[in-house]
Chemist: 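Here's a structure for you.
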Amino acid sequence: MALKDYAKEIERCSACSYCKWIPFDHVKSWRFAKNCPSIDYYNFNNYSARGRYLTSRSILRDEVKITDEIIDIAHTCLTCGACDVSCKICRYNLEPLEMVRELKAELAAKGNYPEAHKVMLKNIKEEANIFGISRKRRGEWAEGLNIKDLTKEKAEVVFHAGCSYSYDKKLSGTVKTAVEILNNAGVDFGIMGDAEMCCGAKIHSMGHHSEFDRLAKANIALWKRAGVTTIVTACADGYHAFKRLYPELGSNFTVLHIVEYIDQLIREGKLTFSNEVPMTITYHDPCHLGRQGESYEAWEGEEQKYKNQIVVHSPKKPRYNGINGIYDEPRNILNAIPGIELREMERIREFSYCCGAGGGARESYPEYSQWVAGERLEEAKATGAETLVTACPWCKTNFTDSLGDNAGFSVVDILDLVRMAL
Amino acid sequence: MSLTDKQYQEFDAIVGKKNISRDPGILDGYRYNLSHTAIHLGPHFDVLTPRGISVLLPGSTEEVQAIVKLCNKYKIKYKPSSTFWSAQGYPSDDNTIVLDMRRMDRILDIDAKNMVAVVEPGVIGATLQAETIKVGLNCHIQGSGCSCSILAGAAAWLGSGPGNLYGGWQYENLLGTEWVLPTGEVLRTGSLGYHDNSWYCGEGPGPSMRGVMRGMFGTKGSMGVFTKCAVKLHAWPGPQQIPVYGKAPAYTTKLPDNFRAFTLAFPDWQAWADTAHLLWENGIGYAAHRQFNFLGRDLKWGMIQILTDADKTISDLDNLINEPGFKEANDSMKIDFQIILAGMTQRDFDWQKETLDEILSITGGYIVECMETENIRNYTLLYLLRLGHKALNLVYGGGYDGNFGLINAIDFGSQRAEEVGDFKREWEKKGQIVAGGGDCMMGPIGGQGGGGTGLWENFTCFDSADKNSTDGALAFFDASFEYTKSKGWSGCGFEKLNSMARGYDGYATPKEVRDQGHANSPFAPAFRYQAKVYRSVNSNDMGDAYYEILED
Ligand SMILES: Cc1cc2nc3c(=O)[nH]c(=O)nc-3n(C[C@H](O)[C@H](O)[C@H](O)COP(=O)(O)OP(=O)(O)OC[C@H]3O[C@@H](n4cnc5c(N)ncnc54)[C@H](O)[C@@H]3O)c2cc1C
Ligand code: SF4
Ligand code: SF4
């Protein structure tokens with residue numbers, strides 16, 4: 001799809017602003033009722049899905065010049081998808097998240113994107129990661145762990161570490177826990193090491209779709225060559241890419257986030273926790289594991305009118321409204337750890353608030369991105385918890401940076417808690 | 001038209017550069033697309049309201065005052081809006097500054113003892129209700145739903161909804177108000193006129209300042225800017241937080257036994273109206289609305305099943321209405337409304353329920369069986385209490401407006417309902433509007449000053465992306481208007497109400513057209529009075545055509 005394919009939707013957006021709030025039924029307070037970080041921060045209507053429909057209209061009709069302001073309108077969208085969930089409370093024929101993605105792509109295709117994107121794209125092209133660190137060092141994190149190299153050996157399962165876990169030394173303990181769990185469970189798995197490529201989720205969310213396709217196809221080819229059937233990752237971005245985006249390009253592997261694996265092991269009695277972890281925590285649902293972690297469903301069909309003017313789809317179109325994401329698994333794990341007290345925030349599950357790292361904003365609009373993380377941390381602290389737990393390295397890093405040396409509160413990956421409890 | 005650089009800098013100095021823009025890309029985010037609905041105006045395919053010359057996001061009353069004074073100095077119009085849901089909140093002239101009030105969104109006070117909340121324009125129904133129920137009180141949420149500004153509904157528009165039955169129309173709940181007059185001075189109305197912090201009363205000093213300030217239908221952004229107001233709160237005999245269950249969008253609640261939603265239906269309209277009157281006379285009920293009928297008399301049971309089941313989509317409608325048993329269930333609620341009983345105590349609830357049963361036995365009404373599943377009942381309860389699904393008005397094709405709009409006695413509407421439905425059914429046959437079954441009427445049961453009135457709107461849904469459909473809807477609204485006029489049905493013609501202010505091109509209508517419309521209106525005396533108010537506070541003619549005036 002391209003932006004022009006959303007021309008009808010643009011006319012059908014009814015300017016109701018539901019996309020600026022969590023589903024109203026769930027509003028519990030004035031303080032934590034909003035859902036769209038970009039309009040929260042920038043305030044102009046354009047920085048919401050509703051406004052982005054209007055901006056898209058003007059672009060498609062050539063009624064505005066592409067200014068820096070328009071570039072900001074598009075690229076400050078975190079593609080967190082919160083708008084999508086709220087819009088679909090009442091609408092069955094709009095896809096605001098898809099539209100915003102296409103708005104970014106429309107601009108990106110003509111070179112209209114922030115400076116930081118250029119650097120990331122160059123890094124991806126040259127080193128297959130967004131940081132620009134040598135691709136030869138991608139597998140360093142696994143040195144000494146004795147994990148199969150699937151470019152040379154065979155296994156059922158590939159563990160995809162992703163850019164963040166591969167290169168961020170602060171996260172190496174976390175990723176090692178993931179492989180330790182797989183090892184202990186006797187899973188026949190391996191890694192791609194230096195051959196692994198960035199999943200492409202980030203650049204996809206920045207609108208660079210052809211570059212995403214290149215990476216996705218390369219990863220799919222690697223996996224096919226290695227004969228794997230299952231992809232496991234500990235990164236929410238990667239999970240979303242493999243589960244939702246890759247199938248559009250013909251990928252048909254089973255995709256699991258590590259929390260699904262661990263939850264399954266706990267339920268089967270193959271993993272038990274022996275250590276008490278006396279902590280009061282709250283859990284942050286990563287957007288790409290939660291509402292965007294729903295399975296891809298192939299659909300080919302057309303829009304039709306029913307009863308004269310009701311806009312329907314034939315055959316029935318899959319409805320991604322966030323409810324079938326990965327929410328219970330991480331909570332099951334946390335509840336299985338002795339000593340943990342889980343206190344929920346107001347915005348959770350399908351209407352969770354974003355960490356601020358998505359859509360390339362962490363790199364392009366750092367001040368805003370950090371503000372968003374700070375907003376979420378405020379909500380976390382309001383629960384009375386002392387620790388925010390998440391299941392995504394990007395969320396963790398963004399929160400940790402925003403927190404600074406704020407004593408008395410910490411941010412951890414769910415795998416770190418699992419390690420403490422083992 | 002555009003602001004000179006000097007003018008722009010002066011406005012920038014008031015709000016700061018983060019809160020001002022004249023980038024056309026930003027300005028286009030503040031244009032209303034008249035293709036989908038405009039609330040009693042369109043639809044006009046492919047027409048947007050005029051582009052403003054700048055958008056400002058003020059953060060305080062002082063900033064609003066400074067902006068308004070500067071606008072007076074340069075004779076630039078301004079248009080304030082709080083959530084921008086309806087076309088009446090957008091510019092209708094070229095030389096207009098858009099005031100987006102969203103940054104002023106604080107709840108300034110919830111005075112539980114005196115049952116008053118003080119809010120800024122950006123406070124919406126959902127956030128205020130979430131906070132007031134924590135102290136055992138509820139706020140009235142207008143029928144447009146909890147996404148709407150509490151202040152806008154109370155001070156600048158009508159504010160009618162299911163809660164009218166217990167909480168009055170929103171404008172009746174309006175107490176003290178802080179009003180930046182069109183000239184830039186601040187007027188504190190009601191009890192604020194006596195003491196700086198007395199929000200408890202909307203009237204006086206002297207004549208009803210509430211009436212002077214609001215006029216007949218609210219000022220609709222044409223008479224200065226309201227920066228704060230107080231609204232009366234009402235008893236909430238429920239928990240401090242509404243528990244929510246289920247999967248989106250089919251969320252439900254479960255409240256204690258002193259709450260319950262019912263769908264009532266009747267053998268004929270007389271029974272319907274008699275029941276509405278008896279509810280009033282006996283003082284029972286917390287909220288009442290003919291709600292789900294907006295989905296169409298012929299379709300509603302199918303749509304209710306879709307809305308209450310997260311796995312279904314609108315594309316399932318055809319299957320559902322062809323299922324065995326559909327017709328029977330659907331027909332069992334042809335002439336219906338939804339009601340919530342909420343007892344202040346369990347005993348009170350039991351008494352209300354007994355009274356309701358007795359009323360139904362007198363009028364021949366009954367509780368609709370298919371709507372009695374726990375899931376549907378609790379969905380209805382949450383729907384009407386929070387009003388968080390009102391964008392469903394636009395569910396079919398993104399376009400809706402109401403014809404046969406009418407504020408009048410309950411009997412007046414109910415006596416004409418079938419005729420109005422038949423009239424619409426004929427138009428549905430042309431294929432341009434959704435064939436919902438003619439009667440798609442929705443509206444509150446009772447309201448206004450203690451009872452008796454209803455507000456009717458026969459929902460007309462269309463595809464806002466399809467010119468054929470919007471043209472058909474417009475032709476239908478024109479025909480409805482003529483029909484009700486030819487019948488001499490006073491108080492009707494709501495479907496064209498705002499077309500007196502804004503024309504087909506999105507711009508303000510010429511004064512002659514407005515004068516003629518206002519002179520022919522049953523409310524002409526009110527508009528003459530409004531002209532006097534206008535002249536006394538709006539000498540520089542800073543507003544737009546939405547405020548109705550009729551010169552002698
Ligand atoms: C789909 C739909 C359904 C609706 N259903 C109903 C209904 O059932 N019952 C009902 O009563 N109304 C209904 N309305 C109209 C509705 O009342 C108003 O849109 C709404 O109540 C006002 O709240 P808002 O947040 O939409 O206000 P806005 O869109 O912000 O503004 C509404 C009006 O108030 C003015 N205004 C806003 N803020 C200020 C301010 N601070 N100072 C001065 N003027 C201001 C604006 O200029 C505009 O004219 C409906 C509207 C729509 C679009
Ligand atoms: S995107 Fe959806 S929720 Fe937002 S204004 Fe449009 S219709 Fe409403
Ligand atoms: S995806 Fe997130 S940031 Fe982007 S418009 Fe939607 S809610 Fe806002």
Side-chain angles (χ1 to χ4, degrees), chain A residues 7-18 21 23-30 33 42-46 50-51 54-55 57-59 63-67 69-70 73 85 87-94 305-317 319 321-323 350-351, chain B residues 19 21 23-26 28-33 35-37 55 57 83-85 100 102-103 107 126-127 130-131 146-147 241-242 244 247-249 251 299 310 313-318 382 386 388-389 391-392 394-398 428 431-436 461-466 469:
Chain A
K8 280 188 177 173
E9 279 198 21
I10 289 170
E11 305 301 314
R12 288 179 186 142
C13 158
S14 36
C16 64
S17 286
Y18 278 43
W21 304 88
F24 290 118
D25 292 337
H26 278 285
V27 171
K28 297 181 186 66
S29 73
W30 173 86
Y42 292 98
N43 278 308
F44 289 108
N45 195 32
N46 312 64
R50 166 186 172 170
L54 283 163
T55 303
R57 187 182 199 274
S58 300
I59 292 172
E63 286 170 359
V64 287
K65 282 209 228 55
I66 306 300
T67 57
E69 187 84 57
I70 289 194
I73 288 168
V85 169
C87 179
K88 288 173 180 173
I89 294 295
C90 294
R91 298 301 298 272
Y92 293 82
N93 34 35
L94 294 184
K305 295 276 186 83
Y306 179 61
K307 294 283 171 192
N308 300 341
Q309 298 297 342
I310 302 179
V311 178
V312 295
H313 295 98
S314 177
K316 180 177 168 178
K317 204 174 168 185
R319 181 163 155 84
N321 62 350
I323 56 178
E350 73 270 20
F351 52 94
Chain B
N19 299 309
S21 178
D23 186 296
I26 293 280
D28 280 0
Y30 289 89
R31 302 179 75 182
Y32 195 86
N33 186 340
S35 290
H36 54 81
T37 180
V55 181
L57 289 146
T83 73
F84 292 90
W85 198 11
D100 181 343
R102 83 170 245 125
R103 283 181 64 229
I107 297 173
T127 50
E131 295 298 338
C146 68
S147 66
Q241 206 174 78
I242 300 179
V244 179
K247 288 183 172 182
Y251 295 130
L299 311 178
T313 81
I314 199 169
S315 302
D316 291 311
L317 188 55
D318 185 42
L382 185 58
R386 179 53 57 101
H389 296 234
L392 280 173
L394 296 307
V395 65
Y396 285 142
E428 288 174 356
Q432 290 160 293
I433 55 178
V434 169
C461 298
F462 49 90
D463 177 1
S464 48
D466 177 342
S469 184

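Atoms considered below: every heavy atom in the structure, side chains included; atoms not considered: hydrogens, waters and symmetry mates. The structure displayed is predicted, hence computed values, not measured ones.
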Chemist: What heavy-atom pair brings Ala126(B) and Val27(A) nearest, and what distance separates the two atoms?
Modeler: O-CG1, 3.8 Å
Chemist: Is Phe84(B) in contact with chain A via its backbone, its side chain, both, or neither, using a 4.5 Å heavy-atom distance?
Modeler: both
Chemist: Using non-hydrogen atoms only, which part of Ser35(B) is less than 4.5 Å away from chain A: side chain, backbone, both, or neither?
Modeler: side chain
Chemist: Between chain A and each of Ser21(B), Pro24(B), Ala310(B), Gly388(B), count heavy-atom pairs under 4.5 Å; write down the option with the most.
Modeler: Gly388(B)
Chemist: Side-chain contact test, heavy atoms from C-beta onward, threshold under 4.5 Å: evaluate it for Pro249(B) versus Asn321(A) and give yes or no.
Modeler: yes
Chemist: Supply the atom-to-atom distance Leu382(B) CG to His26(A) NE2, rounded to the nearest 0.5 angstrom.
Modeler: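 That separation rounds to 8.5 Å.
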Chemist: Can you tell me how far NZ of Lys316(A) sits from CG of Asp316(B), rounded to the nearest 0.5 angstrom?
Modeler: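 Going from the CG atom of Asp316(B) to the NZ atom of Lys316(A) covers 3.5 Å.
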Chemist: Asp28(B): what forms a salt bridge (charged side-chain N to carboxylate O under 4.0 Å, His left out) with it, not counting sequence neighbours?
Modeler: Arg31(B), Arg51(B)
Chemist: For the backbone of Gly431(B) and the side chain of Gln309(A), can you confirm whether one donor and one acceptor N or O come within less than 3.5 Å of each other?
Modeler: yes
Chemist: Relative to chain B, which segment of Lys28(A) carries a heavy atom at a distance below 4.5 Å: side chain, backbone, both, or neither?
Modeler: both
Chemist: Looking at Gly398(B), Gly397(B), Cys146(B), Ala391(B), which makes the most heavy-atom pairs under 4.5 Å with chain A?
Modeler: Ala391(B)
Chemist: Between Asn93(A) and chain B, with a heavy-atom cut-off of 4.5 Å, which part of the residue counts as in contact: side chain, backbone, both or neither?
Modeler: side chain
Chemist: So how far is it from Ile26(B) CD1 to Glu69(A) CD, rounded to the nearest 0.5 Å?
Modeler: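 Output value for this atom pair is 4.0 Å.
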Chemist: What residue in Ile433(B), Ile242(B), Asn19(B) has the most heavy-atom pairs under 4.5 Å with chain A?
Modeler: Ile433(B)
Chemist: Identify which part of Ser14(A) has an atom lying under 4.5 Å from any heavy atom of chain B, answering side chain, backbone, both or neither.
Modeler: both
Chemist: Nearest 0.5 angstrom please: Cys13(A) SG to His36(B) NE2, how far?
Modeler: 6.0 Å
Chemist: Between chain B and each of Gly322(A), Cys90(A), Pro315(A), count heavy-atom pairs under 4.5 Å; write down the option with the most.
Modeler: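 Looking at each of Gly322(A), Cys90(A), Pro315(A) in turn, Cys90(A) comes out on top.
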Chemist: Pick from Thr55(A), Ile59(A), Asn46(A), Val311(A): which one has the most heavy-atom pairs with chain B under 4.5 Å?
Modeler: Asn46(A)
Chemist: Using the side chain to side chain contact (heavy atoms under 4.5 Å, CB included) rule, take Val312(A) and Leu317(B) through it: C-alpha gap first, then chi angles, then the decisive distance, then the call.
Modeler: CA-CA 9 Å; Val312(A) 295; Leu317(B) 188 55; 5.8 Å; no
Chemist: The criterion is salt bridge (charged side-chain N to carboxylate O under 4.0 Å, His left out); which residues satisfy it with Lys305(A), sequence neighbours excluded?
Modeler: Asp463(B), Asp466(B)
Chemist: Drop me the distance from Asn33(B)'s CG to Glu11(A)'s CD, to the nearest 0.5 angstrom.
Modeler: 4.5 Å
Chemist: Can you give me the closest heavy-atom contact between His389(B) and Tyr18(A), atom names plus distance?
Modeler: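 The pair with the smallest heavy-atom distance is C-OH, 3.7 Å.
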Chemist: So which of Arg103(B), Glu131(B), Lys247(B) has the biggest tally of heavy-atom pairs under 4.5 Å with chain A?
Modeler: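 Between Arg103(B), Glu131(B), Lys247(B), the count favours Glu131(B).
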Chemist: Which one of Ile10(A), Asn43(A), Val85(A), Thr67(A) has the most heavy-atom pairs closer than 4.5 Å to chain B?
Modeler: Asn43(A)
Chemist: Among Cys461(B), Gly25(B), Ser147(B), which has the most heavy-atom pairs under 4.5 Å with chain A?
Modeler: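 Top count of heavy-atom pairs under 4.5 Å with chain A: Ser147(B).
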Chemist: Return the minimal non-hydrogen interatomic distance between Tyr32(B) and Ala15(A), and the atom names on each side.
Modeler: CE1-CB, 4.1 Å
Chemist: Is the shortest side-chain heavy-atom distance between Ile89(A) and Tyr251(B) below 4.5 Å?
Modeler: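 When only atoms from C-beta onward are counted, Tyr251(B) and Ile89(A) do touch, with a gap below 4.5 Å.
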Chemist: Over 60° means perpendicular and under 30° means parallel, so classify the ring planes of Phe44(A) and Tyr30(B), tilted if in between.
Modeler: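 Correct class here is perpendicular.
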Chemist: Using heavy-atom distances under 4.5 Å, tell me whether Trp21(A) contacts chain B through its side chain, its backbone, both, or neither.
Modeler: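 For Trp21(A), the contact with chain B is made by the side chain alone.
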Chemist: Which one of Glu9(A), Arg50(A), His313(A) has the most heavy-atom pairs closer than 4.5 Å to chain B?
Modeler: Arg50(A)
Chemist: For the interface with chain B, which of Ala33(A), Ser314(A), Ser58(A) has the highest count of heavy-atom pairs at distances below 4.5 Å?
Modeler: Ser58(A)
Chemist: Which heavy atom of Gly29(B) sits nearest a heavy atom of Asn45(A), and at what distance?
Modeler: O-ND2, 2.7 Å
Chemist: Which atoms of Asp318(B) come close to chain A, meaning under 4.5 Å heavy atom to heavy atom: side chain ones, backbone ones, both, or neither?
Modeler: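 Contact with chain A is through both the backbone and side chain of Asp318(B).
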Chemist: Considering only heavy atoms, which portion of Leu392(B) lies under 4.5 Å from any heavy atom of chain A: side chain, backbone, both, or neither?
Modeler: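 Interface part for Leu392(B): both.
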